[in-house]
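Input: a single structure, listed below in structure tokens.
Chain identifiers are assigned alphabetically (A, B, ...) following the order of the sequence lines, protein sequences preceding nucleic acid strands; residue numbering begins at 1 within each chain.
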Number of protein chains: 2
Amino acid sequence: MYTLLRENIEKHIHLTDEEFAQFSAPFYLQHAEKKQMLLREGEVCKFEGFVNKGCLRVYYLDESGFEKVLYFAVEGWWITDIDSFTNQTASILNIEALEDSEILMITYPYKNILYETLPKVEKLFRVMTQKTHAALQRRMISSLSNTADKRYLEFITKYPQLEQRLSQQQMAAYLGISHEFLSKIRKKISRLR
Amino acid sequence: MYTLLRENIEKHIHLTDEEFAQFSAPFYLQHAEKKQMLLREGEVCKFEGFVNKGCLRVYYLDESGFEKVLYFAVEGWWITDIDSFTNQTASILNIEALEDSEILMITYPYKNILYETLPKVEKLFRVMTQKTHAALQRRMISSLSNTADKRYLEFITKYPQLEQRLSQQQMAAYLGISHEFLSKIRKKISRLR
DNA sequence: CGGGAAAGTTGAACTAGTTCAAAAAAGACA
DNA sequence: TGTCTTTTTTGAACTAGTTCAACTTTCCCG
């Protein structure tokens with residue numbers, strides 16, 4: 001149950017068996033079936049989660065009611081509304097399972113206890129947040145610099161596993177284009193091969 | 001020299017006078033005159049900086065040679081290429097002073113010493129990175145959801161001080177539109193008042 | 001296995017934003 | 001103060017991406 005989580009953490013810091021036991025103790029396994037909502041706009045995000053199995057999306061409903069995907073999370077990725085979770089304020093985001101999923105979750109009070117009792121956790125989440133932030137900066141730059149077809153090619157090159165699992169509608173909502181236009185981009189690209 | 005920095009830090013964690021002395025010791029004051037480059041694409045970013053005075057921009061040169069602004073930093077803001085600095089790898093970004101500026105800088109080895117000798121610093125930068133990340137998520141969402149005129153209005157509402165200090169070219173490069181189009185947006189908006 | 005719903009495709013008309021070029025306005029500084 | 005440079009404005013022609021509607025394909029589940 002914790003093997004994927006331990007692997008993920010070892011990428012950033014080393015924990016002894018005892019330390020990892022202490023770290024993982026407050027996490028509980030949450031099952032979510034396809035289409036189940038784990039967070040709705042307006043609620044306070046009660047968890048930070050590590051995806052053990054499945055696929056989820058974090059999305060935003062814009063003024064016209066269109067869904068825009070902030071990010072996806074599959075096995076080995078963390079998922080939360082960082083703003084709502086860290087400040088315990090109302091969320092503007094929604095989180096939904098796109099497949100039957102299993103998520104290791106920790107609540108806000110337990111996470112704070114972890115920070116106090118196991119100071120290495122402080123470094124762990126600092127480093128993880130830095131990396132996530134650098135990745136989002138690269139996406140922001142790409143979104144400022146590239147047209148939709150380049151962003152699409154970038155996406156499927158970077159996340160080939162995701163391309164298989166996601167519908168084109170979901171990818172379009174991530175790329176910030178209409179699904180009709182993504183369909184046209186794909187047609188154009190396939191003609192070139 | 002350190003008053004602004006101390007104020008900024010107190011927003012996140014409390015440090016005693018001794019602790020703050022220990023914290024601030026490795027920072028040095030760097031002067032930069034208008035148009036001076038502090039980081040060029042390809043270099044390793046040698047500093048993390050706190051802006052005491054002035055205004056700078058972090059930008060990216062896209063394939064067509066256009067400059068896209070990732071962010072601006074004025075008094076009270078931090079500035080670095082987080083990816084290049086934390087991994088000590090070649091940067092894809094450029095940092096330039098838009099006005100004569102003063103930046104309190106710390107180098108990579110000294111920052112690591114701080115993390116070890118003053119564990120609170122770990123929490124400080126974790127919390128700061130989380131907030132910066134949440135802010136970038138909001139910008140990403142806005143960029144996915146809104147047209148240029150809304151993003152412009154959002155920008156000048158959120159950063160009225162910046163609007164005064166930046167040229168329209170710089171704002172356009174931040175919004176991801178051509179400066180000609182920003183000029184047209186401004187004309188349209190001013191007609192509506 | 002069949003039928004209904006959801007996802008993907010296509011075309012036509014439209015809109016947001018770009019590009020280029022030229023002129024006007026605003027700064028910079030000797 | 002004048003002049004040179006940079007920034008901003010404007011218009012015209014263009015391109016990327018949207019919207020809507022109709023159709024086809026895929027998939028889900030009773």
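- Note: CD (B/E67) to P (D/dT7) measures 10 Å, nearest angstrom.
- The NZ-P distance, from A/K34 to D/dC27, rounds to 10 Å in whole Å.
- Note on B/S167: only backbone sugar-phosphate atoms sit closer than 4.0 angstrom, heavy atoms only; bases stay farther off.
- Using a 4.0 Å cut-off between charged nitrogen and carboxylate oxygen, A/E116 and B/K123 do not count as a salt-bridge pair.
- Nearest to the side chain of B/Q169, among C/dA7, D/dT7, C/dT19, sits D/dT7.
- When only modelled atom types and interatomic distance are considered, A/S91 and A/E41 share no side-chain donor-acceptor pair under 3.5 Å.
- Each of B/I177 and A/K35 was matched to the nucleotide of DNA chain C holding its nearest heavy atom; the match closer to the 5' end belongs to A/K35.
- Using a cut-off of 4.0 Å between Lys/Arg side-chain N and Asp/Glu carboxylate O, B/K34 and B/E99 are scored as not salt-bridged.
- Between A/K111 and A/E122 there is no salt bridge, since no side-chain nitrogen of the basic residue lies less than 4.0 Å from a carboxylate oxygen of the acidic one.
- Of the charged side-chain nitrogens involved, none lies within less than 4.0 Å of a carboxylate oxygen, so that A/K53 and A/D100 do not count as a salt-bridged pair.
- Rounded to an integer number of Å, the gap from A/N146 CG to C/dT18 P is 14 Å.
- Straight-line distance from the NZ atom of A/K188 to the P atom of C/dT9: 15 Å, rounded to whole Å.
- D/dC27 atom P lies 16 Å from atom CG of A/L98, rounded to whole Å.
- Taking only side-chain nitrogens and oxygens, B/K187 never comes nearer than 4.0 Å to OP1 or OP2 of D/dT9.
- Salt bridge present: A/E10 and A/R6 bring a charged side-chain N and a carboxylate O closer than 4.0 Å.
- Residues of residues 179-186 of chain B that place a heavy atom closer than 4.0 Å to DNA chain D, in numerical order, are B/H179, B/E180, B/S183, B/K184.
- Distance, A/K150 NZ to D/dG17 P: 11 Å, rounded to whole Å.
- There is a path of hydrophobic side-chain contacts, each under 4.5 Å, that joins B/W77 to B/F155.
- Of the side-chain N and O atoms in A/Q168, one or more sit less than 4.0 angstrom from OP1 or OP2 of C/dT9.
- In this structure, CZ of B/R151 is placed 13 Å from P of C/dA16, rounded to the nearest angstrom.
- Distance B/M171 CE to C/dG17 C1': 18 Å, rounded to the nearest Å.
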